[in-house]
Number of protein chains: 2
Amino acid sequence: MKADTVRGHLDGMILAVVQDEPLHGYGIAEALRAQSDGALDLPTGTLYPALRRLERLGYLRSSWSTVDGRKRRTYELTRSGQAELSARQEDWQEVSRVIGTILRTRTAT
Amino acid sequence: MKADTVRGHLDGMILAVVQDEPLHGYGIAEALRAQSDGALDLPTGTLYPALRRLERLGYLRSSWSTVDGRKRRTYELTRSGQAELSARQEDWQEVSRVIGTILRTRTAT
DNA sequence: GGCTACATATAGACAGCCTATGTATTCAAG
DNA sequence: CTTGAATACATAGGCTGTCTATATGTAGCC
């Protein structure tokens, strides 16, 4: 499954997994892969720019640490990010309803 | 609701309404607006290029006619377009499941 | 020494939306 | 009789978030 098919909703999904617990980029990718049963496997060229963007927008806050000799940047959800997540969740309700309704097979063929 | 939020799934929705009955561009816009309870109101700069693209890809076939003194281009679904629609519907099932699962509020907060 | 997993990041391309604008007809209101 | 709204199609150029490819570095195993 291409991230292209979830375009515009990836931000919301990232905020959602970070809400559960602060995670570093690699961990976010793992969480999304796990929670989608392997369907959503983000290329790093998609994920990392998205994270920087979400931080720039004030929805995430990051801090560096070193674990087992490897540097990692851990992201946590800000107050503003929580509000954004709620908005995205509501957006999704409508989007999902609209596309679902229209795409649903009508013909009994 | 911006068409941007349904990005990548607009093609499927267009094919779906045309499957019901052949329609001209303006009629497709009306059908999508009606079936989404007014939520999806496509700008012409989005719809018309999309229709030409779908025809170029062989999913739609068009023909000109004049109704009440106005020219209209009517689109109908091709065999290939029906297959594409089926594929899009299946895609949507997965996308919807994945985003829905991840975005669904987990916190009982 | 080489492979895999872990970990982050940038560069440049590309597709599909966006807004703005243009043309043309019909019909009702003023 | 002209102005405006609805009908009808279309293009130009911009923007944003994906994409692929590439880069750098550590840890641990074979």
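Everything numeric here is computed off the predicted structure, so don't read it as measured data. Here is the naming used below: chain letters follow the sequence lines, and residue numbers restart at 1 for every chain.
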Between [N] atom [atom2] and [X] atom [atom1], what is the distance in whole Å?
| X | N | atom1 | atom2 | result |
| --- | --- | --- | --- | --- |
| B:Leu40 | C:dG16 | CG | C1' | 15 Å |
| B:Glu30 | D:dA8 | CD | C1' | 11 Å |
| B:Leu42 | C:dC18 | CG | C1' | 12 Å |
| A:Met13 | D:dT18 | CE | P | 9 Å |
| B:Lys2 | C:dG16 | NZ | P | 19 Å |
| B:Leu23 | D:dT7 | CG | P | 14 Å |
| B:Leu60 | D:dC9 | CG | P | 13 Å |
| B:Leu47 | D:dC9 | CG | P | 9 Å |

Which heavy atom of [X] sits nearest to which heavy atom of [Y], and what is that distance?
| X | Y | result |
| --- | --- | --- |
| A:Leu47 | A:Ala29 | CD2-CB, 3.8 Å |
| A:Pro49 | A:Thr46 | CD-O, 3.6 Å |
| B:Gly100 | A:Trp92 | CA-NE1, 3.7 Å |
| B:Ser96 | A:Ser96 | OG-OG, 4.3 Å |

Margin query: With a 4.5 Å cut-off on side-chain heavy atoms, are A:Glu94 and B:Thr5 touching?
Written below: no

Margin query: With heavy-atom distances below 4.5 Å as the criterion, would you say the side chains of B:Met13 and B:Val6 are in contact?
Written below: yes

Note to self: Under a 4.0 Å threshold between the charged nitrogen and the carboxylate oxygen, would A:Asp4 count as salt-bridged to A:Arg7?
What the structure shows: yes

Please list each protein N or O that sits under 3.5 Å from an N or O in nucleotides 9-11 of chain C, with the distance.
| residue | atom | partner | partner atom | Å |
| --- | --- | --- | --- | --- |
| C:dA9 | OP1 | A:Arg73 | NH1 | 2.2 |
| C:dA9 | N6 | A:Thr44 | OG1 | 2.6 |

Next item on the list: Sequence neighbours left out, what passes side-chain contact (heavy atoms from CB on, under 4.5 Å) with A:Arg72? Give chain and number order.
Entry: A:His24, A:Ser65, A:Val67, A:Thr74

Next item on the list: Go through the structure and list residues passing side-chain contact (heavy atoms from CB on, under 4.5 Å) with A:Arg53, not counting sequence neighbours.
Entry: A:Asp11, A:Ala50, A:Arg56, A:Leu57

Using a cutoff of under 3.5 Å, can you pull out all pairs of nitrogen or oxygen atoms linking the protein to nucleotides 26-30 of chain D, with atom names and distances?
| residue | atom | partner | partner atom | Å |
| --- | --- | --- | --- | --- |
| D:dT26 | O3' | A:Gly69 | O | 3.2 |
| D:dT26 | O2 | A:Arg70 | NE | 2.9 |
| D:dA27 | O4' | A:Arg70 | NH2 | 3.0 |

Check: Listed by chain and number, what are the salt bridge (charged side-chain N to carboxylate O under 4.0 Å, His left out) partners of B:Glu76, not counting sequence neighbours?
Finding: B:Arg61

Notebook entry, point to check: Within the distance-only criterion (no hydrogens, no angle test), does the side chain of B:Glu55 pair as donor or acceptor with the backbone N or O of B:Ser62 below 3.5 angstrom?
Noted result: yes

Just the table, please: protein N/O against nucleotides 15-17 of chain D N/O, every pair under 3.5 Å.
| residue | atom | partner | partner atom | Å |
| --- | --- | --- | --- | --- |
| D:dG17 | O4' | A:Arg7 | NH1 | 3.2 |
| D:dG17 | N2 | A:Arg7 | NH2 | 3.0 |
| D:dG17 | N3 | A:Arg7 | NH2 | 2.8 |

Margin query: Counting only side-chain heavy atoms from C-beta out, which of D:dC19, C:dC18, D:dA8 sits nearest to B:His24?
Written below: D:dA8

